[in-house]
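Below is one structure, written out as structure tokens; the observations come after it.
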Amino acid sequence: MMEYSSQKNQGPLVVIVGPTAVGKSEIAIELALVLDGEVVTADSMQVYRGLDIGTAKPSLEERRGIPHHLIDICEP
């Protein structure tokens with residue numbers, strides 16, 4: 001069993017799912033701004049460095065300083 005630290009007040013866990021190209025990333029960014037949260041991406045292709053166009057990764061500008069996790073972590 002895993003134990004988690006309660007040092008930081010953790011807000012709700014929001015999970016956004018849906019088909020390709022429906023605006024999930026945009027909604028995730030807006031919610032992260034409102035909830036002072038972070039985005040954890042579970043896209044099977046966004047983990048790869050250099051595959052920016054075909055995977056519709058949010059640009060650095062689109063990320064607006066919100067921490068994003070699991071993007072560009074592996075070589076193709």
For this session: Look at the side-chain heavy atoms of Ile, Leu, Val, Met, Phe, Trp and Tyr, link any pair under 4.5 Å apart, and say whether L60 and I53 land in one connected group.
Result: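 Looking at the clustering, I53 is in a separate group from L60.
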Problem set entry | Distance, nearest 0.5 Å, that separates CD1 of I27 from CD1 of I16 |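 I27 CD1 to I16 CD1: 6.0 Å, rounded to 0.5 Å.
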For this session: Can you measure from CG (L33) to CD1 (I66) and round to the nearest 0.5 angstrom?
Result: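 One gets 3.5 Å once the value is rounded to the nearest 0.5 Å.
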Exercise. Do we see a donor-acceptor contact under 3.5 Å between the side chains of H68 and E38?
Worked result: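 Distance-only check fails for H68 and E38.
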Problem set entry | Results of side-chain hydrogen bond (donor to acceptor under 3.5 Å, both in side chains) for R63 - residues two or more places apart only |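 Partners of R63 by the side-chain hydrogen bond (donor to acceptor under 3.5 Å, both in side chains) criterion come out as none, since no residue qualifies.
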For this session: Could you check if a side-chain atom of V47 sits within less than 4.5 angstrom of a side-chain atom of I71, using non-hydrogen atoms only?
Result: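 No. Closest side-chain heavy atoms not under 4.5 Å.
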Problem set entry | Any D72 side-chain heavy atom under 4.5 Å of L51 side chain |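 No. Closest side-chain heavy atoms not under 4.5 Å.
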Exercise. Where do G37 and P67 come nearest, in terms of heavy atoms and distance?
Worked result: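 So the two residues come closest at O-CD, 4.2 Å.
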Exercise. Where is the tightest heavy-atom contact between A28 and V39, given as atom of each residue plus distance?
Worked result: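 In this case the closest contact between A28 and V39 is O-CG2, 4.0 Å.
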Problem set entry | Pairs where residues 41-52 contributes a residue and the test salt bridge (charged side-chain N to carboxylate O under 4.0 Å, His left out) is met, not counting sequence neighbours |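 The answer is R49-E75, D52-K57.
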Problem set entry | Whether over 12 other heavy atoms sit under 6.0 Å from E26 CD |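 Open.
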Exercise. For L70, does its backbone N or O pair with a side-chain atom of Q46 as donor and acceptor, under 3.5 Å?
Worked result: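 No, the answer is negative, given that no donor and acceptor are paired below the 3.5 Å cut-off.
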